[in-house]
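These notes concern the structure reproduced below.
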Amino acid sequence: MFELLQTDSGSRARLGRLTTTRGVIDTPVFMPVGTQGSVKALDPRELIETGTQIILGNTYHLNIRPGLEIITAAGGLHRFINWPHPILTDSGGFQVFSLAKIRKIKAHGVEFRSHLDGSALFLGPKEAMHIQKVLGSDIAMTFDECPPHPSPPKELRAAVDRTIRWAAECREQPRAEGQSVFGIVQGGSDPALREECAKKIVAMDFDGHAIGGVSVGESQAEMMKAVEFTEPFLPAGKARYAMGLGTPAQMVELVARGVDMFDCVLPTRVARNGTAFTRKGAVNIKAGFNKLDFRPIEENCDCYACRNFTRAYLRHLLNVNEILGLRMVSVHNSRMYLRTMVEMRAALAAGTFSEFRAEFVANYAPSRRVVAANLARE
């Protein structure tokens with residue numbers, strides 16, 4: 001399902017093509033996150049206009065609401081949300097990390113207390129794969145344990161062992177017609193565990209592989225190392241997916257480290273607070289300095305927001321809590337992420353990725369909040 005088209009002579013970057021039953025995906029690719037069946041603030045038409053090739057859905061959340069009965073009656077997740085293009089569903093493994101206060105890890109899966117009403121529910125390899133089969137996603141993920149950073153060596157070891165054992169169980173479960181399954185590699189910042197987990201997951205012959213357990217509290221330097229510890233042990237002929245990452249500059253650096261696929265909630269999450277991503281870093285559109293700024297969010301951006309509205313107007317909308325403001329910043333951020341992927345693919349095809357990478361990273365200034373967070377973790 002994955003075709004490696006070209007590699008970069010100055011890095012590990014790759015140009016590829018991922019074929020699914022619902023369409024071909026050019027890589028490197030960014031996948032907007034539609035946790036509950038919708039990419040927040042954007043409709044399918046807008047997603048297509050921004051260049052979206054594939055979106056994500058969440059096994060844990062969709063199983064709770066609206067539930068499998070309703071999605072089955074609708075004819076599957078694609079029909080339910082009116083998205084005929086590829087969908088990747090995560091398995092619920094990240095909720096083992098993010099909902100740590102309301103779950104208990106057992107040998108065969110995880111006991112949760114619903115974040116909505118406290119009702120008991122169980123999610124393990126069989127349950128996660130069954131839900132994804134019913135959802136009918138094009139790419140399903142194995143159920144894994146995503147440990148936080150830092151984790152004691154004993155807990156990290158146990159998480160890797162469970163991830164490997166659960167992956168083997170997932171491998172044997174029925175799939176939806178045409179559905180591919182990606183295995184997930186865990187191991188925290190431990191190079192030996194990353195290598196061991198990668199080799200054992202790869203040996204199970206999944207359709208693609210994901211690097212999990214990153215951006216869970218570690219510094220950016222440690223995050224990059226976790227990817228570097230994993231990537232050499234992933235086969236060149238299958239897609240590589242870094243889960244839950246990252247900022248535009250991080251994605252450029254991760255492509256240089258051999259990653260093909262990304263997802264992240266940042267584009268729409270920060271947009272709801274008035275933050276816009278640009279080639280020069282993040283900008284607070286609500287700030288006073290935009291009051292009389294009649295330029296677009298970003299010069300030379302082809303998104304609908306930049307073609308039609310000014311910073312001054314968007315600032316006004318955001319400050320008076322008009323929904324159009326957060327929607328337009330969401331449109332811009334999504335297009336900025338996807339345009340970055342288009343530019344990377346073009347640079348890889350032209351053999352100029354090294355120059356693109358150097359220029360992009362040199363001009364991209366992370367926000368003070370990001371810098372402060374990284375310094376605190378190091």
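Numbering starts at 1 and runs along the sequence shown.
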Tell me if a side-chain donor or acceptor on [X] pairs with a main-chain N or O of [Y] at a distance below 3.5 Å.
{"X": "Arg14", "Y": "Ala236", "result": "yes"}
{"X": "Arg345", "Y": "Thr27", "result": "no"}
{"X": "Thr163", "Y": "Glu145", "result": "yes"}
{"X": "Arg17", "Y": "Asp26", "result": "no"}
{"X": "Arg315", "Y": "Ile285", "result": "no"}
{"X": "Arg22", "Y": "Asp138", "result": "no"}
{"X": "Gln179", "Y": "Ser137", "result": "yes"}
{"X": "Gln6", "Y": "Leu348", "result": "yes"}
{"X": "Glu253", "Y": "Ala249", "result": "no"}
{"X": "Thr52", "Y": "Leu47", "result": "yes"}

For [X], is the [atom1] atom crowded, meaning more than 12 foreign heavy atoms sit under 6.0 Å from it?
{"X": "Tyr304", "atom1": "OH", "result": "no"}
{"X": "Ile323", "atom1": "CD1", "result": "no"}
{"X": "Asn308", "atom1": "CG", "result": "yes"}
{"X": "Glu69", "atom1": "CD", "result": "no"}
{"X": "Glu3", "atom1": "CD", "result": "yes"}

Separation between [atom1] of [X] and [atom2] of [Y], rounded to the nearest 0.5 Å:
{"X": "Met129", "Y": "Thr142", "atom1": "CE", "atom2": "OG1", "result": "7.5 Å"}
{"X": "Gln53", "Y": "Leu18", "atom1": "CD", "atom2": "CG", "result": "9.5 Å"}
{"X": "Cys303", "Y": "Glu46", "atom1": "SG", "atom2": "CD", "result": "10.5 Å"}
{"X": "Ile131", "Y": "Ile71", "atom1": "CD1", "atom2": "CD1", "result": "9.5 Å"}
{"X": "Gln173", "Y": "Lys126", "atom1": "CD", "atom2": "NZ", "result": "6.0 Å"}
{"X": "Met141", "Y": "Cys170", "atom1": "CE", "atom2": "SG", "result": "10.0 Å"}

TODO: Show your working on side chain to side chain contact (heavy atoms under 4.5 Å, CB included) between Asn319 and Lys286 and close with a plain yes or no.
DONE: CA-CA 7 Å; Asn319 283 328; Lys286 295 173 72 173; 3.4 Å; yes
With the side chain counted from C-beta on, respond yes when [X] and [Y] share a heavy-atom pair under 4.5 Å apart, and no when they do not.
{"X": "Ile70", "Y": "Phe80", "answer": "yes"}
{"X": "Phe309", "Y": "Leu317", "answer": "no"}
{"X": "Leu88", "Y": "Tyr241", "answer": "yes"}
{"X": "Met344", "Y": "Phe360", "answer": "no"}
{"X": "Ile25", "Y": "Thr20", "answer": "yes"}
{"X": "Cys264", "Y": "Phe30", "answer": "yes"}
{"X": "Ser91", "Y": "Gln132", "answer": "yes"}
{"X": "Leu15", "Y": "Phe353", "answer": "no"}

Which residues share a salt bridge (charged side-chain N to carboxylate O under 4.0 Å, His left out) with [X], sequence neighbours left out:
{"X": "Lys199", "answer": "Glu195"}
{"X": "Asp207", "answer": "Arg175"}
{"X": "Arg272", "answer": "none"}

Can you name the closest pair of heavy atoms from [X] and [Y] and give their distance?
{"X": "Thr278", "Y": "Tyr364", "result": "O-CE1, 3.3 Å"}
{"X": "Pro248", "Y": "Met336", "result": "CG-SD, 3.7 Å"}
{"X": "Cys146", "Y": "Val216", "result": "SG-CG1, 3.7 Å"}
{"X": "Gly124", "Y": "Glu127", "result": "N-OE1, 3.0 Å"}
{"X": "Ser114", "Y": "Ile102", "result": "C-CD1, 4.3 Å"}
{"X": "Val110", "Y": "Phe143", "result": "CG2-CZ, 3.9 Å"}

Open item on the list: Go through it in stages, so that I can follow the logic: the residues are Val96 and Phe112, the test is side chain to side chain contact (heavy atoms under 4.5 Å, CB included), and I'd like the CA-CA distance, side-chain angles, deciding distance and then a yes or no.
Closed with: CA-CA 9 Å; Val96 180; Phe112 288 95; 4.2 Å; yes
Task: Candidate pair Tyr337 and Phe262, rule ring-ring contact (aromatic ring centres under 6.0 Å, His included), full reasoning - done: CA-CA 10 Å; Tyr337 267 60; Phe262 304 90; 9.5 Å; no
Open item on the list: Using the ring centroid of each side chain, check whether His115 and Tyr60 are separated by less than 6.0 Å.
Closed with: yes
Between [X] and [Y], does at least one N-O distance fall below 4.0 Å, as a salt bridge requires?
{"X": "Lys238", "Y": "Asp205", "result": "yes"}
{"X": "Arg339", "Y": "Glu298", "result": "yes"}
{"X": "Glu218", "Y": "Lys225", "result": "no"}
{"X": "Arg240", "Y": "Glu231", "result": "yes"}

- [ ] Using the side chain to side chain contact (heavy atoms under 4.5 Å, CB included) rule, take Asp293 and Thr310 through it: C-alpha gap first, then chi angles, then the decisive distance, then the call.
- [x] CA-CA 7 Å; Asp293 193 336; Thr310 66; over 6 Å; no
TODO: With Leu56 as reference, evaluate Asp263, Thr35, Ile87 under the side-chain contact (heavy atoms from CB on, under 4.5 Å) test and give the passing residue.
DONE: Asp263
Open item on the list: Which label fits His85 and Trp83: parallel for a plane angle under 30°, tilted from 30 to 60°, or perpendicular past 60°?
Closed with: perpendicular
TODO: Evaluate the ring planes of Phe206 and His209, with Trp represented by its six-membered ring, and classify them as parallel (under 30°), tilted (30 to 60°) or perpendicular (over 60°).
DONE: perpendicular
- [ ] Would you mind telling me which of Arg257, Arg12, Arg194 makes a salt bridge (Lys or Arg N to Asp or Glu O under 4.0 Å) with Glu228?
- [x] Arg257
Task: Side-chain donor-acceptor contact under 3.5 Å, Ser119 with Asp117 - done: yes
Task: Glu299 and Lys280: CA distance, side-chain angles, deciding distance, salt bridge (charged side-chain N to carboxylate O under 4.0 Å, His left out) verdict - done: CA-CA 11 Å; Glu299 301 288 354; Lys280 294 183 178 180; over 6 Å; no
TODO: Check the pair Val331 / Met328 against side chain to side chain contact (heavy atoms under 4.5 Å, CB included), numbers first and verdict last.
DONE: CA-CA 5 Å; Val331 165; Met328 287 301 100; 4.0 Å; yes
